[in-house]
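Take a look at the structure below.
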Amino acid sequence: MSNPQPLEEEVYDMSGARLALTLCVTKAREGSEADLDALERMFQQLGFESTVKRNPTAQQFQEEMENFQQAMDARDDFISCAFVVLMAHGLEGLLKGEDGKMVELENLFEVLNNKNCRALRAKPKVYIVQACRGDHRDPGETVSGDDIMMITKDNPQTIPTYTDILHIYSTVEGYIAYRHDKEGSCFIQTLVDVFTENKGPILELLTEVTRRMAEAELIQEGKPRKVNPEIQSTLRKRLYLQ
């Protein structure tokens, strides 16, 4: 058997501009302001130019994404990476605008893919989604052993439309997300703590976010609940924010 080789570390070039767009429905979402404050602190520390839009309608979610893309493509300077934070009530694949209408997450994600956003082609695009993805509640299970995660890789000559994307959901498909009326959401607060206090590739930081959330016990309607984020990655290189 041949000796396994250590992976060569390919890293995204983070020397250029870092841009962040936060679209947050705060109405009927107590604790949202605490999350916005935490994110603002994080983006400032990590050197992001950050824009926040409160209470977008379903149509404005789409329009703000398109404005963000057009502004990036119009810039002359080098852009390293973009973060998009989406916070609202939601169902699987859908976010609820301030007007009560739904917008499809897929339509929002599409705006910045390698085909539609020239400035971000082959560059990391990170989406953070704090929203319910259904109405299931997880009481937790007793476990032994470890979960298995499968990672596949592509190495094409042209770049696929959907690479270099990281989706970070506050909860797994079908489940509700929790938010404290004063302290904000367990997910955003934990993510900000880990991203501002630690160094390492973003996927390792997200493993730590997941570990902390999996250990936390939330009490909802007097019952203990468990909640954990879900991470979907098509990143081709390591992404360091610090």
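Values in this document were obtained by computation on a predicted structure and should not be read as measured data.
Contact record, C117 with M72: SG-CE, 4.4 Å, taken as the closest heavy-atom pair. Here the closest non-hydrogen pair linking L46 and R18 is O-NH1, 2.9 Å. H89 and A28 get closest at one heavy-atom pair: NE2-O, 3.1 Å. A34 and Q189 make their closest contact through O-NE2, 3.3 Å (heavy atoms, listed as atom of the first residue, atom of the second, distance). The two residues L39 and V85 come nearest to each other via the heavy atoms CD1-CG1, 3.8 Å. Residues V25 and K96 come closest through the heavy atom pair CG2-O, 3.7 Å.
Looking at P124 and L166, their side chains never come closer than 4.5 Å, going by heavy atoms from C-beta outward. Within the 4.5 Å cutoff, the side chain of Y12 has no heavy atoms near those of the I202 side chain. Two residues are said to be in side-chain contact when any heavy atoms from C-beta on lie closer than 4.5 Å; Q130 and L86 fail this criterion.
The backbone N or O of G16 sits nowhere less than 3.5 Å from a side-chain atom of D77 that would complete a donor-acceptor pair. When atom types are taken as modelled, the side chain of N107 and the backbone of Q62 share no donor-acceptor pair closer than 3.5 angstrom. Formation of a donor-acceptor pair under 3.5 Å by the Q69 side chain with backbone atoms of V111 is not found in this model. Side chain of Q242 to main chain of F195: a donor-acceptor pair is present (N/O by atom type, distance under 3.5 Å, no hydrogens or angles). Between the side chain of K101 and the main chain of G97, no donor-acceptor pair closer than 3.5 Å is present. A distance-only check finds no donor-acceptor pair linking the side chain of T163 to the backbone of T234 [under 3.5 Å].
Atom NZ of K123 sits about 12.5 Å away from atom CG of L112, to the nearest 0.5 Å. Rounding to the nearest 0.5 Å places CD1 of I168 at 6.0 Å from CG of L191. Expressed to the nearest 0.5 Å, how far OG1 of T51 lies from CG of L23 amounts to 9.5 Å. With values rounded to the nearest 0.5 angstrom, E98 atom CD is found 13.0 Å from Q59 atom CD. Atom CZ of F68 is separated from atom CG of D73 by 11.0 Å, given to the nearest 0.5 angstrom. Note that NZ of K237 is 12.0 Å distant from CD of E9, once rounded to the nearest 0.5 Å.
Other members of a hydrophobic cluster containing F78 are absent, since no ILVMFWY side chain comes under 4.5 Å of it, directly or through relayed contacts.
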Mind running side-chain contact (heavy atoms from CB on, under 4.5 Å) on C24 and D35 for me, showing each step along the way?
CA-CA 10 Å; C24 177; D35 285 348; over 6 Å; no
After noting the C-alpha distance and the side-chain angles of S170 and M87, does the key distance pass the side-chain contact (heavy atoms from CB on, under 4.5 Å) rule?
CA-CA 10 Å; S170 58; M87 299 198 282; over 6 Å; no
Show your working on side-chain contact (heavy atoms from CB on, under 4.5 Å) between T22 and E40 and close with a plain yes or no.
CA-CA 9 Å; T22 300; E40 202 52 45; over 6 Å; no
Under the criterion side-chain contact (heavy atoms from CB on, under 4.5 Å), I'd like the reasoning laid out for L108 against V84: C-alpha separation, chi angles, the key distance, then a yes or no.
CA-CA 10 Å; L108 301 180; V84 175; over 6 Å; no
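Summarising the local packing, CD of Q44 is surrounded by 12 or fewer heavy atoms from other residues, nucleotides or ligands at distances under 6.0 Å.
Taking the charged nitrogens against the carboxylate oxygens, R212 and E215 have no contact shorter than 4.0 Å, which rules out a salt bridge. Look at R236 and D164 and you find a salt bridge, because one of the NZ, NE, NH1 or NH2 atoms lies within 4.0 Å of a carboxylate O, short of that distance.
Put simply, Y240 and L205 are part of two different groups of oily side chains (I, L, V, M, F, W, Y) that touch within less than 4.5 Å, one to the next. The hydrophobic cluster containing L203 also contains V209, counting ILVMFWY residues as joined when their side-chain heavy atoms lie under 4.5 angstrom apart, directly or transitively.
Ring-plane geometry between F48 and F43 is classed as tilted, the angle between the planes lying from 30 to 60 degrees on a 0 to 90 degree scale. The aromatic rings of H167 and F109 are tilted relative to each other, their planes meeting at an angle between 30° and 60°.
Between the side chains of K125 and N114, a donor-acceptor pair is found at a separation under 3.5 Å. The closest side-chain donor-acceptor pair between S80 and D13, if any, does not fall under 3.5 angstrom.
Residues satisfying the salt bridge (Lys or Arg N to Asp or Glu O under 4.0 Å) criterion with E106, sequence neighbours excluded, are absent altogether.
Within the structure, the salt bridge (Lys or Arg N to Asp or Glu O under 4.0 Å) test picks out the following pairs touching residues 52-67 (sequence neighbours left out): E33-R54.
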